[in-house]
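Not measured: the values here are computed from a predicted model. Letters go in sequence order (proteins before strands), and every chain restarts at 1.
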Amino acid sequence: MPELPEVETVVRQLAEVLPGLTVGEVDVVQPDLLNRAPDSFRAPLVGSTIRAVTRRGKNIVLALSGPRILAVNLGMTGQLLFIPTEPGQDPKKTPVWPSHPGVLLHLGPTGALVYADVRRFGSLRLYSPEGWKKESARLGPEPLDPSLDGRAFWQALQRSRSPIRSWLLDQTRIAGIGNIYALEALFRAEIHPQAQARSLTKNRSERLLEGIRAVLSEAIAARGTTLRDYRTASGDSGGFGPSLLIYGREGEACPGCNTPIQRVVFANRSAFFCPSCQKGS
DNA sequence: CATACGTCCTGCCAGC
DNA sequence: TGCTGGCAGGACGTAT
(Lines give C-alpha, C1' and ligand atoms only; values in the text may rest on other atoms or scores of the structure.)
Protein backbone atom coordinates (compact mmCIF):
# COMPACT_ATOMS: atom_id res chain seq x y z
CA MET A 1 0.00 0.00 0.00
CA PRO A 2 1.28 2.81 1.58
CA GLU A 3 3.42 5.31 -0.07
CA LEU A 4 4.23 8.83 1.00
CA PRO A 5 0.68 10.27 0.76
CA GLU A 6 -0.85 7.42 2.74
CA VAL A 7 1.84 7.60 5.42
CA GLU A 8 1.55 11.38 5.57
CA THR A 9 -2.21 11.06 6.08
CA VAL A 10 -1.74 8.67 8.98
CA VAL A 11 0.98 10.87 10.49
CA ARG A 12 -1.16 14.00 10.36
CA GLN A 13 -3.99 12.27 12.15
CA LEU A 14 -1.80 10.68 14.80
CA ALA A 15 0.04 13.95 15.41
CA GLU A 16 -3.30 15.38 16.54
CA VAL A 17 -4.04 12.70 19.13
CA LEU A 18 -0.87 10.95 20.31
CA PRO A 19 1.50 13.58 21.70
CA GLY A 20 1.32 13.68 25.47
CA LEU A 21 -0.07 10.16 25.82
CA THR A 22 1.86 7.58 27.83
CA VAL A 23 2.41 3.98 26.80
CA GLY A 24 0.98 1.43 29.20
CA GLU A 25 0.98 -2.27 28.40
CA VAL A 26 2.36 -3.46 25.07
CA ASP A 27 0.89 -6.62 23.53
CA VAL A 28 3.05 -8.30 20.90
CA VAL A 29 0.88 -10.66 18.86
CA GLN A 30 3.29 -11.05 15.93
CA PRO A 31 6.91 -10.96 17.09
CA ASP A 32 8.22 -11.19 13.52
CA LEU A 33 7.16 -7.57 12.99
CA LEU A 34 9.79 -6.31 15.44
CA ASN A 35 13.47 -5.54 14.99
CA ARG A 36 14.31 -7.07 18.36
CA ALA A 37 13.05 -9.65 20.83
CA PRO A 38 9.62 -8.82 22.28
CA ASP A 39 10.92 -8.21 25.81
CA SER A 40 13.59 -5.73 24.75
CA PHE A 41 11.02 -4.07 22.50
CA ARG A 42 8.47 -3.75 25.28
CA ALA A 43 10.69 -2.67 28.16
CA PRO A 44 11.82 0.73 26.85
CA LEU A 45 8.33 1.53 25.55
CA VAL A 46 6.31 0.91 28.68
CA GLY A 47 5.95 4.12 30.66
CA SER A 48 7.36 6.35 27.95
CA THR A 49 5.49 9.40 26.69
CA ILE A 50 4.87 10.15 23.03
CA ARG A 51 6.38 13.52 22.16
CA ALA A 52 5.86 13.85 18.42
CA VAL A 53 4.71 12.01 15.31
CA THR A 54 6.50 12.71 12.04
CA ARG A 55 7.23 11.06 8.71
CA ARG A 56 10.47 10.11 6.94
CA GLY A 57 9.93 8.54 3.54
CA LYS A 58 7.36 5.81 4.10
CA ASN A 59 8.13 5.55 7.81
CA ILE A 60 5.90 6.79 10.61
CA VAL A 61 8.25 8.12 13.27
CA LEU A 62 7.15 8.28 16.90
CA ALA A 63 9.49 10.26 19.14
CA LEU A 64 9.25 8.98 22.71
CA SER A 65 10.60 10.12 26.04
CA GLY A 66 13.61 8.16 27.17
CA PRO A 67 14.51 9.14 24.52
CA ARG A 68 13.61 6.51 21.96
CA ILE A 69 12.38 6.42 18.39
CA LEU A 70 9.73 3.99 17.17
CA ALA A 71 9.71 3.76 13.38
CA VAL A 72 6.72 2.04 11.79
CA ASN A 73 6.84 0.88 8.18
CA LEU A 74 3.50 -0.32 6.82
CA GLY A 75 4.92 -2.62 4.15
CA MET A 76 2.19 -3.64 1.72
CA THR A 77 -0.79 -4.16 3.98
CA GLY A 78 0.02 -2.51 7.29
CA GLN A 79 -2.39 -0.27 9.17
CA LEU A 80 -1.64 1.91 12.19
CA LEU A 81 -4.96 2.66 13.85
CA PHE A 82 -5.81 4.85 16.78
CA ILE A 83 -8.67 3.32 18.69
CA PRO A 84 -10.51 5.68 21.02
CA THR A 85 -11.92 3.95 24.08
CA GLU A 86 -14.15 4.74 27.02
CA PRO A 87 -12.40 4.39 30.39
CA GLY A 88 -12.24 0.69 31.17
CA GLN A 89 -13.21 -0.36 27.66
CA ASP A 90 -11.11 -3.05 25.98
CA PRO A 91 -9.90 -1.84 22.55
CA LYS A 92 -10.31 -5.39 21.29
CA LYS A 93 -14.03 -5.13 21.93
CA THR A 94 -14.52 -2.03 19.78
CA PRO A 95 -16.14 -2.22 16.33
CA VAL A 96 -12.96 -0.86 14.71
CA TRP A 97 -10.67 -3.61 16.04
CA PRO A 98 -8.76 -4.96 13.00
CA SER A 99 -8.75 -8.55 11.79
CA HIS A 100 -4.97 -9.04 11.82
CA PRO A 101 -3.56 -7.30 14.88
CA GLY A 102 0.22 -7.41 15.25
CA VAL A 103 1.16 -5.06 18.08
CA LEU A 104 -1.02 -3.17 20.52
CA LEU A 105 0.10 -0.17 22.58
CA HIS A 106 -2.26 0.72 25.39
CA LEU A 107 -2.30 4.50 25.83
CA GLY A 108 -4.24 5.05 29.02
CA PRO A 109 -7.98 5.27 29.48
CA THR A 110 -8.77 7.21 26.30
CA GLY A 111 -7.33 5.04 23.58
CA ALA A 112 -4.89 2.56 22.10
CA LEU A 113 -2.64 2.32 19.08
CA VAL A 114 -2.75 -0.92 17.12
CA TYR A 115 -0.56 -2.04 14.26
CA ALA A 116 -2.31 -4.57 12.01
CA ASP A 117 -0.90 -6.28 8.95
CA VAL A 118 -2.25 -9.20 6.91
CA ARG A 119 0.96 -10.05 5.06
CA ARG A 120 3.36 -8.91 7.77
CA PHE A 121 5.80 -7.23 5.38
CA GLY A 122 5.71 -4.19 7.64
CA SER A 123 7.82 -3.54 10.71
CA LEU A 124 8.02 -1.74 14.02
CA ARG A 125 11.60 -0.80 14.84
CA LEU A 126 12.81 0.70 18.07
CA TYR A 127 15.95 2.85 17.98
CA SER A 128 18.07 5.11 20.06
CA PRO A 129 18.00 8.64 18.61
CA GLU A 130 21.49 8.07 17.18
CA GLY A 131 20.47 4.72 15.72
CA TRP A 132 17.49 6.26 14.00
CA LYS A 133 19.58 9.13 12.71
CA LYS A 134 21.79 6.60 10.95
CA GLU A 135 18.81 4.77 9.50
CA SER A 136 17.25 7.98 8.30
CA ALA A 137 20.51 9.02 6.67
CA ARG A 138 20.33 5.94 4.46
CA LEU A 139 17.21 7.30 2.81
CA GLY A 140 17.26 9.71 -0.10
CA PRO A 141 15.83 13.23 -0.03
CA GLU A 142 12.17 14.01 0.56
CA PRO A 143 10.50 14.76 -2.77
CA LEU A 144 8.33 17.51 -1.26
CA ASP A 145 11.29 19.21 0.42
CA PRO A 146 11.82 22.49 -1.49
CA SER A 147 15.55 22.21 -0.88
CA LEU A 148 15.59 19.37 -3.41
CA ASP A 149 16.05 21.37 -6.57
CA GLY A 150 15.58 20.35 -10.17
CA ARG A 151 19.26 20.49 -10.90
CA ALA A 152 20.29 18.15 -8.06
CA PHE A 153 17.54 15.73 -9.09
CA TRP A 154 18.67 15.70 -12.70
CA GLN A 155 22.31 15.25 -11.73
CA ALA A 156 21.40 12.27 -9.56
CA LEU A 157 19.53 10.70 -12.47
CA GLN A 158 22.53 11.21 -14.71
CA ARG A 159 24.57 8.81 -12.60
CA SER A 160 22.26 5.79 -13.01
CA ARG A 161 21.67 3.23 -15.73
CA SER A 162 18.57 1.85 -13.99
CA PRO A 163 15.14 2.09 -15.54
CA ILE A 164 13.59 5.28 -14.23
CA ARG A 165 10.75 3.44 -12.49
CA SER A 166 13.27 1.31 -10.56
CA TRP A 167 15.22 4.44 -9.70
CA LEU A 168 12.14 6.10 -8.24
CA LEU A 169 11.32 3.03 -6.14
CA ASP A 170 14.80 2.96 -4.59
CA GLN A 171 14.35 4.59 -1.19
CA THR A 172 18.06 5.41 -0.93
CA ARG A 173 17.73 7.65 -4.01
CA ILE A 174 14.49 9.43 -3.21
CA ALA A 175 12.29 8.58 -0.24
CA GLY A 176 8.59 7.85 -0.14
CA ILE A 177 7.70 6.96 -3.72
CA GLY A 178 6.19 3.55 -4.51
CA ASN A 179 4.85 1.85 -7.60
CA ILE A 180 1.56 3.73 -7.89
CA TYR A 181 2.89 7.26 -7.64
CA ALA A 182 6.06 6.47 -9.63
CA LEU A 183 3.88 5.37 -12.54
CA GLU A 184 1.46 8.27 -12.15
CA ALA A 185 4.32 10.78 -12.16
CA LEU A 186 5.97 9.14 -15.18
CA PHE A 187 2.68 9.33 -17.06
CA ARG A 188 2.30 13.01 -16.22
CA ALA A 189 5.84 13.71 -17.41
CA GLU A 190 5.38 11.52 -20.52
CA ILE A 191 8.32 9.27 -19.70
CA HIS A 192 8.42 5.52 -20.39
CA PRO A 193 8.87 3.58 -17.13
CA GLN A 194 11.76 1.61 -18.63
CA ALA A 195 13.66 4.64 -19.91
CA GLN A 196 17.16 4.75 -18.47
CA ALA A 197 17.40 7.29 -15.68
CA ARG A 198 20.41 8.92 -17.25
CA SER A 199 18.66 9.27 -20.61
CA LEU A 200 16.35 11.99 -19.27
CA THR A 201 17.06 15.50 -20.46
CA LYS A 202 17.16 18.26 -17.89
CA ASN A 203 13.79 19.55 -19.04
CA ARG A 204 12.25 16.11 -18.88
CA SER A 205 13.63 15.46 -15.41
CA GLU A 206 12.23 18.78 -14.23
CA ARG A 207 8.83 17.78 -15.55
CA LEU A 208 9.20 14.51 -13.69
CA LEU A 209 9.98 16.22 -10.39
CA GLU A 210 7.00 18.53 -10.94
CA GLY A 211 4.82 15.50 -11.71
CA ILE A 212 6.00 13.73 -8.57
CA ARG A 213 5.26 16.75 -6.41
CA ALA A 214 1.89 17.37 -7.99
CA VAL A 215 0.62 13.81 -7.71
CA LEU A 216 1.89 13.40 -4.15
CA SER A 217 0.29 16.69 -3.08
CA GLU A 218 -3.02 15.87 -4.72
CA ALA A 219 -3.02 12.41 -3.16
CA ILE A 220 -2.31 13.83 0.29
CA ALA A 221 -5.22 16.23 -0.16
CA ALA A 222 -7.43 13.21 -0.94
CA ARG A 223 -6.01 11.29 2.05
CA GLY A 224 -4.28 8.66 -0.06
CA THR A 225 -5.21 5.77 -2.32
CA THR A 226 -7.02 2.70 -1.05
CA LEU A 227 -6.73 -0.25 -3.42
CA ARG A 228 -7.71 -2.74 -0.77
CA ASP A 229 -5.96 -2.64 2.59
CA TYR A 230 -4.89 0.91 3.22
CA ARG A 231 -6.75 2.72 5.99
CA THR A 232 -6.14 6.05 7.66
CA ALA A 233 -5.43 6.08 11.39
CA SER A 234 -9.16 6.41 11.98
CA GLY A 235 -9.95 3.42 9.76
CA ASP A 236 -11.23 5.31 6.71
CA SER A 237 -10.38 4.62 3.07
CA GLY A 238 -8.40 7.12 1.03
CA GLY A 239 -10.13 9.03 -1.74
CA PHE A 240 -7.49 9.31 -4.48
CA GLY A 241 -8.27 6.02 -6.27
CA PRO A 242 -10.61 7.50 -8.90
CA SER A 243 -7.96 10.14 -9.69
CA LEU A 244 -5.35 7.59 -10.74
CA LEU A 245 -4.76 8.22 -14.44
CA ILE A 246 -2.67 5.18 -15.40
CA TYR A 247 -2.18 2.75 -12.50
CA GLY A 248 -4.33 -0.36 -12.81
CA ARG A 249 -5.91 0.83 -16.06
CA GLU A 250 -4.54 -1.71 -18.56
CA GLY A 251 -6.67 -1.72 -21.70
CA GLU A 252 -8.46 1.51 -20.89
CA ALA A 253 -8.08 4.57 -23.10
CA CYS A 254 -5.22 6.92 -22.30
CA PRO A 255 -6.82 10.11 -20.95
CA GLY A 256 -4.51 12.12 -23.21
CA CYS A 257 -4.74 10.34 -26.58
CA ASN A 258 -7.15 7.39 -26.26
CA THR A 259 -4.48 4.80 -27.05
CA PRO A 260 -5.06 1.64 -24.96
CA ILE A 261 -2.96 1.66 -21.81
CA GLN A 262 -0.42 -1.16 -21.64
CA ARG A 263 1.02 -3.18 -18.78
CA VAL A 264 4.56 -4.56 -18.73
CA VAL A 265 6.29 -6.43 -15.94
CA PHE A 266 9.90 -5.74 -15.07
CA ALA A 267 11.81 -6.01 -11.82
CA ASN A 268 8.93 -8.27 -10.74
CA ARG A 269 6.40 -5.44 -10.73
CA SER A 270 3.69 -4.25 -13.06
CA ALA A 271 4.17 -0.99 -14.90
CA PHE A 272 1.27 0.76 -16.61
CA PHE A 273 1.93 3.29 -19.35
CA CYS A 274 0.62 4.82 -22.55
CA PRO A 275 2.73 3.51 -25.45
CA SER A 276 1.94 6.62 -27.45
CA CYS A 277 2.49 9.39 -24.89
CA GLN A 278 5.37 7.81 -22.98
CA LYS A 279 8.47 7.27 -25.08
CA GLY A 280 12.10 6.71 -24.39
CA SER A 281 12.63 3.05 -23.50
C1' DC B 1 29.90 0.07 -6.26
C1' DA B 2 25.74 -0.66 -9.11
C1' DT B 3 22.20 -3.33 -10.73
C1' DA B 4 18.91 -7.45 -11.12
C1' DC B 5 16.23 -10.88 -9.13
C1' DG B 6 14.11 -13.92 -5.75
C1' DT B 7 11.86 -14.06 -1.36
C1' DC B 8 9.15 -13.06 2.73
C1' DC B 9 3.43 -13.72 3.66
C1' DT B 10 -1.60 -14.00 3.09
C1' DG B 11 -5.91 -13.20 0.69
C1' DC B 12 -8.59 -12.34 -3.22
C1' DC B 13 -10.29 -12.99 -7.74
C1' DA B 14 -10.49 -14.44 -12.61
C1' DG B 15 -10.73 -18.34 -15.23
C1' DC B 16 -11.31 -23.05 -15.97
C1' DT C 1 -19.37 -24.87 -6.98
C1' DG C 2 -14.55 -25.53 -6.25
C1' DC C 3 -9.84 -25.41 -7.29
C1' DT C 4 -5.54 -23.17 -9.17
C1' DG C 5 -2.60 -19.77 -10.55
C1' DG C 6 -1.60 -15.12 -10.75
C1' DC C 7 -1.22 -10.96 -8.55
C1' DA C 8 -0.83 -7.22 -4.86
C1' DG C 9 0.83 -0.53 -2.49
C1' DG C 10 7.54 -2.85 0.05
C1' DA C 11 12.07 -3.82 1.20
C1' DC C 12 15.93 -6.75 1.99
C1' DG C 13 19.53 -10.24 0.92
C1' DT C 14 22.27 -12.33 -2.43
C1' DA C 15 24.43 -12.99 -6.84
C1' DT C 16 26.74 -11.14 -10.68
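- For the P atom pair drawn from C:dA11 and B:dC1, the interatomic distance equals 22 Å after rounding to whole Å.
- Checking the phosphate oxygens (OP1, OP2) of B:dT10, a side-chain nitrogen or oxygen of A:Arg120 falls inside 4.0 Å.
- No side-chain N or O of A:Thr232 forms a donor-acceptor pair with one of A:Arg223 less than 3.5 Å apart.
- Closest to the A:Arg269 side chain, of the nucleotides C:dA11, B:dG11, C:dG9, is C:dG9.
- In this structure, the CZ atom of A:Arg138 is 16 Å from the P atom of C:dG10, given to the nearest Å.
- With hydrogens and angles ignored, no donor-acceptor pair under 3.5 angstrom links the side chain of A:Asn179 to the base of C:dG9.
- Put simply, A:Lys58 has no side-chain N or O that comes within less than 4.0 Å of OP1 or OP2 on C:dG9.
- For the pair A:Gln30 CD and B:dC9 P, the interatomic distance rounds to 11 Å; values are reported in whole Å.
- Panel note: side chain A:Arg159, backbone A:Arg198; no donor-acceptor pair is recorded below 3.5 Å.
- Applying side-chain contact (heavy atoms from CB on, under 4.5 Å) to A:Leu4 and the options A:Ile177, A:Leu144, A:Ile212 leaves one that passes, A:Leu144.
- Using a 4.0 Å heavy-atom cutoff across all strands shown, A:Ser166 reaches no nucleic acid atom at all.
- A:Asp117 comes within 4.0 angstrom of nothing in the nucleic acid, heavy atoms only.
- For A:Gln13 and A:Ser234, the side-chain atoms include at least one donor-acceptor pair closer than 3.5 Å.
- Partner assigned to B:dC9 is none, using Watson-Crick or G-U wobble distances below 3.5 angstrom.
- OP1 or OP2 of C:dG10 has not a single side-chain nitrogen or oxygen of A:Gln171 nearer than 4.0 Å.
- Put simply, CG on A:Asn35 is 21 Å from P on B:dC8, counting in whole angstrom units.
- Remark: A:Asn268 is not in phosphate contact with B:dT7, judged by side-chain N or O atoms under 4.0 Å from OP1 or OP2.
- Judged purely by distance below 3.5 Å, without hydrogens or angles, the side chains of A:Thr49 and A:Thr22 pair a donor atom with an acceptor atom.
- Within the 4.0 angstrom heavy-atom criterion, only backbone atoms of the sugar-phosphate kind lie near A:Ser270; the bases stay farther away.
- The P atoms of C:dT14 and B:dC9 are separated by 16 Å, rounded to the nearest whole Å.
- Pairing for C:dC3 goes to B:dG15, judged as Watson-Crick or G-U wobble with the two contacts each under 3.5 Å.
- In this entry the distance linking CG of A:Asp170 with P of B:dA2 reads 10 Å, nearest Å.
- Here the P atom of nucleotide C:dG9 and the CZ atom of A:Arg231 are 17 Å apart, to the nearest Å.
- The residue A:Pro163 sits close only to the backbone: its heavy atoms come under 4.0 Å of sugar-phosphate atoms, none of a base.
- Residue contacts for A:Arg161: at a heavy-atom cut-off of 4.0 Å it reaches the sugar-phosphate backbone alone, with no base atom in range.
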(Q) The test is side chain to side chain contact (heavy atoms under 4.5 Å, CB included); show your working for A:Ile191 and A:Phe273 and say whether it passes. (A) CA-CA 9 Å; A:Ile191 300 165; A:Phe273 68 102; over 6 Å; no
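- A straight line from CD of A:Gln196 to C1' of B:dA4 spans 14 Å, rounded to a whole angstrom.
- Rounding to whole angstrom units, CD of residue A:Glu250 and C1' of C:dA8 are separated by 14 Å.
- Side-chain atoms of A:Asp149 come within 3.5 Å of backbone N or O of A:Arg151 as a donor-acceptor pair.
- For A:Arg173 and B:dC1, the CZ to P distance is 13 Å, given to the nearest whole Å.
- Nucleic acid contact class of A:Tyr247 (heavy atoms, under 4.0 Å, all strands): sugar-phosphate only.
- Residue side chain A:Arg119 reaches the base of C:dA8 through a donor-acceptor N/O pair under 3.5 Å, judged by distance alone.
- Projected onto DNA chain B by closest heavy-atom contact, A:His100 and A:Arg159 fall at different nucleotides, the more 5' of which corresponds to A:Arg159.
- For A:Phe121 and B:dC9, the ring-to-base geometry does not satisfy the stacking test (centroid distance below 5.5 Å, interplanar angle below 30°).
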